Every structure is written in structure tokens, then in C-alpha cells.
2 protein chains.
Amino acid sequence: MILEKKKAFNSFAAEKGLRSTRQRDIILDIFLSTHQHISVEELYLKIKSSNPGIGHATVYRTLKLFAESGLAREIHLHDGQTRYEHAMEGEHHDHLVCTGCDTIIEFEDETIEKLQREIASRHGFKINNHKMEIYGLCSDCRK
Amino acid sequence: MILEKKKAFNSFAAEKGLRSTRQRDIILDIFLSTHQHISVEELYLKIKSSNPGIGHATVYRTLKLFAESGLAREIHLHDGQTRYEHAMEGEHHDHLVCTGCDTIIEFEDETIEKLQREIASRHGFKINNHKMEIYGLCSDCRK
DNA sequence: TTTGTATTGAAAATGAATATCAAAAGCATA
DNA sequence: TATGCTTTTGATATTCATTTTCAATACAAA
């Protein structure tokens, strides 16, 4: 699966005429090895620890490329940091965010997606993307 | 209705032991006179034009207070600016955002809200808040 | 008034993200 | 393999929204 994703990114890169570089390979490997919702800073530190030479800007640039290629998706929660999650074709993750402990739980609900499409078409919109976040307290934090 | 909101904010302020100041009155008046989704900068400029003395920081601070009091709600679209909308008890606005012309259309859907509550309770969450934005192209921009 | 504290505004600081630009690296071609 | 052109990189500076700092000011209770 990771291999497929690498291939997918490589063909995206080839199509765009991008060169293949050591840095992009490393960032891709490490990004693919992470869990969901990693912030740029977190990823940067992770990369730094094994590859001290790689710069801040490169990580930002490369993650934008991943998003463009469809490999990753940007998410903006309420703390002013951009995070990236692994994106797969046609797959959508919505989020339950605990404001107590910052736990993020993913969910999908086909009925909601369907209703979104209905609402959009009722207003003449063509959906590209959507995001939905529910903020609250998880059972642990309510205690 | 505007009067009620002012009263509501004043009792919130009283409860918190906040003082009543000329600046907060002015900012409240002007905020209440605006339409939905005003950015801090836009509001600041509007305020500045009639009250040149009022500072940037005060506008930021006061809007945070409004949000805390329940009078306003923060919204974060994807351009790095915080906007505020008028919030009313129990009322929720979700948004259809046109990425072509930045038009924002509000909608509400009780079925979606119900499904959200179900999902949350299934995960043991108590909802405080939610946001949902659908990004796409409106009929004009698709032409 | 007087006094204690909250609030303000100007300016500085922060922090995320982007731009700049010279040096380095990739890649096609000779 | 060497050459030359172009992309990419990384250090640094910059931008922009927002927050902090702090001395001066305003509020409200006594």
C-alpha cells in the first residue's frame, strides 16, 4: 500500500515535470510512516532527527506537493497550525475533536455525505471538498 | 433584538466582573450592525473610521469576549483570517463556500445535526460546537 | 476624592507560512 | 564522463495575523 502511494506520487511528479530528489523521497517515506493529522512542525522535527540537513521550507513545500498530488489532505483545526492527513481517493474523514485532550477521532457517514451533496446541488454548487469537525469533550475529559 | 443582545452581553460581563467601557460599547454596536462573517480586520477598519482612537488589540480582545459570551462565533475558512458571525442560542450555520468568488451561503440541516449528535454519543462525546464547510464552485463560477 | 484594579493602545514579540536567492543537485545531451 | 540548463534546496529574511507587554488611563467601590 505504501509502495502504491509512492508510485502514485512519482507518476504525479513525472507528469508535472518535477525532479526526483533525495529530500522528497525522505519526506515521503517519513510522512507515510506517520499516523494521521501530523502538523508540519511535528513532521519537520521527526525528519530532522534522522536527516538534520533538511530545511523547514522544504518540508512545507513538499507537503503542499503531496496535497496537490492527492496523497495528503490539509486540515485546519482551531490552533492555527496546518496538519496533513493521509488521503485516499474518494475517501473522506470527518473529525470529532476533544477540546480537553486534543484527541481526534475520525468518522465517516455516508448519509451525511449524501445530504451534503443534496444541499450543494440545491444551491447549484459543485462540491470539491468539504470539512466537518465536531468539537466537544470525550468521555475521559468529562469526568 | 439588538437590545436583547446588548443586555445578554452586559449580563455576561457583569457575571465575569468585567467593567463596562466606551470601547466595548462601540465595538458591540458596530459588530451588531454588520452582516455575517466579518473578519477582524474589516471590523477594525469600520470601527476606526468613526472612532480612530480604538486600537487593534482591543478589537481582537473584545471579539474574543463576544465569542466567549455566546454572542459571536469564530469561523476559520482557509485564508488564515479569523471571521466572526453573529451567533444565537441553539442556532447553527453551516457554510457552502465558493472557491471561485468567495461567496458564502449559509444553511442548516436538522437531519445532519441529528446524525452528528448520534455519532458523537456513539463515541462518548458531549458536543460543544461543530463546523461544517462545503467547498466548491457556485453556478456562476462554473460557467 | 481616593484607591485599587481592569482596560486600553502603541509598540514589540510571536509564530506559522512564504519569498528570496545563491549554491547545489538532477537530468538531458554531447 | 563532461557540459550546460533548470529545478530544488536551505539559510535567512519577510510577511501577516494575532498576542503580549507595559505604562498610562479609565472605571467603580469606598
Side-chain angles (χ1 to χ4, degrees), chain A residues 9-31 37-69 72-84 102, chain B residues 9-31 37-69 72-84 102:
Chain A
F9 180 71
N10 287 337
S11 55
F12 164 84
E15 229 169 87
K16 292 260 299 183
L18 302 178
R19 292 181 179 169
S20 109
T21 68
R22 196 180 57 87
Q23 287 85 337
R24 290 214 262 251
D25 287 348
I26 291 168
I27 297 173
L28 180 53
D29 272 341
I30 297 183
F31 175 68
H37 317 119
I38 196 161
S39 70
V40 183
E41 191 58 23
E42 284 165 344
L43 192 64
Y44 170 69
L45 292 175
K46 213 174 170 71
I47 289 167
K48 214 87 226 253
S49 69
S50 47
N51 299 76
I54 292 183
H56 226 137
T58 304
V59 177
Y60 274 97
R61 285 188 282 235
T62 307
L63 284 172
K64 282 226 170 294
L65 280 181
F66 292 171
E68 216 186 309
S69 82
R73 189 181 296 124
E74 290 191 0
I75 39 183
H76 297 257
L77 304 181
H78 275 182
D79 64 350
Q81 281 198 241
T82 302
R83 281 156 219 280
Y84 286 85
D102 289 328
Chain B
F9 180 70
N10 288 337
S11 55
F12 165 85
E15 229 170 87
K16 291 260 297 183
L18 303 177
R19 292 182 180 170
S20 110
T21 68
R22 195 178 60 87
Q23 287 85 337
R24 290 213 262 250
D25 288 348
I26 291 168
I27 298 173
L28 181 52
D29 271 341
I30 297 183
F31 175 67
H37 317 120
I38 195 160
S39 71
V40 184
E41 191 59 23
E42 284 165 345
L43 191 65
Y44 170 68
L45 291 176
K46 213 174 169 71
I47 289 166
K48 212 90 221 259
S49 70
S50 46
N51 299 75
I54 291 183
H56 228 137
T58 303
V59 177
Y60 274 96
R61 285 189 281 235
T62 306
L63 283 173
K64 283 226 169 294
L65 280 180
F66 292 171
E68 215 186 308
S69 82
R73 189 181 297 123
E74 288 191 0
I75 37 185
H76 297 255
L77 304 182
H78 275 182
D79 63 351
Q81 282 198 239
T82 303
R83 282 156 219 279
Y84 285 85
D102 289 329

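Note that the structure is a prediction, hence the values are computed from the model and not measured. Convention: sequence-line order gives letters A, B, ...; per-chain numbering from 1.
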Asker: Applying side-chain hydrogen bond (donor to acceptor under 3.5 Å, both in side chains) as the test, list every pair that has at least one member in residues 9-26 of chain B; sequence neighbours left out.
Answerer: B:Lys16-B:Glu68

Asker: How close or far is atom C1' of C:dT8 from atom CG of B:Asp25, stated in whole angstroms?
Answerer: 14 Å

Asker: Just the rounded figure in Å: distance from P of C:dA16 to NE2 of B:His76.
Answerer: 15 Å

Asker: Do any of residues 46-64 of chain A sit with a heavy atom less than 4.0 Å from DNA chain C, and if so which?
Answerer: A:Ala57, A:Tyr60, A:Arg61, A:Lys64

Asker: Without placing hydrogens or testing angles, list every side-chain donor-acceptor pair under 3.5 Å for residues 57-64 of chain A, not counting sequence neighbours.
Answerer:
unit_1	atom_1	unit_2	atom_2	d
A:Thr62	OG1	A:Thr58	O	2.6
A:Lys64	NZ	A:Glu74	OE2	2.8

Asker: Side-chain N or O of A:Arg24 less than 4.0 angstrom from OP1 or OP2 on D:dT9?
Answerer: yes

Asker: Each nucleotide N or O in nucleotides 25-30 of chain D that has a protein N or O under 3.5 Å away: list the pair and distance.
Answerer:
unit_1	atom_1	unit_2	atom_2	d
D:dC27	O2	B:Arg19	NH1	2.9
D:dA28	OP1	B:Ser20	N	3.4

Asker: As an exercise, state the distance from CG of B:Leu18 to CG of B:Leu65, rounded to the nearest 0.5 Å.
Answerer: 6.0 Å

Asker: Using atom CG of A:Asp79 as one end and atom P of D:dT19 as the other, report the distance to the nearest whole Å.
Answerer: 12 Å

Asker: Report the end-to-end axis angle of the helix from C:dT1-D:dA30 to C:dA30-D:dT1; each axis comes from five terminal pairs, and the value is rounded to 10°.
Answerer: 20°

Asker: Enumerate the residue pairs fulfilling salt bridge (charged side-chain N to carboxylate O under 4.0 Å, His left out) with a member in residues 75-84 of chain A, sequence neighbours excluded, ordered by first and then second residue.
Answerer: A:Asp79-A:Arg83

Asker: What is the distance from CZ of B:Arg83 to C1' of D:dT18, rounded to the nearest Å?
Answerer: 15 Å

Asker: Distance check, rounded to the nearest 0.5 Å: A:Ile47 atom CD1 versus A:Ile27 atom CD1?
Answerer: 4.5 Å

Asker: Any side-chain hydrogen bond (donor to acceptor under 3.5 Å, both in side chains) pairs touching residues 41-53 of chain B, not counting sequence neighbours?
Answerer: B:Ser39-B:Glu42, B:Glu41-B:His56, B:Tyr44-B:Lys48

Asker: Under 4.0 Å, heavy atom to any atom of DNA chain C: which of residues 38-45 of chain B qualify?
Answerer: none

Asker: A:Phe66: what forms a ring pair (Phe, Tyr, Trp, His ring centres under 6.0 Å) with it, not counting sequence neighbours?
Answerer: A:Phe9, A:Phe31

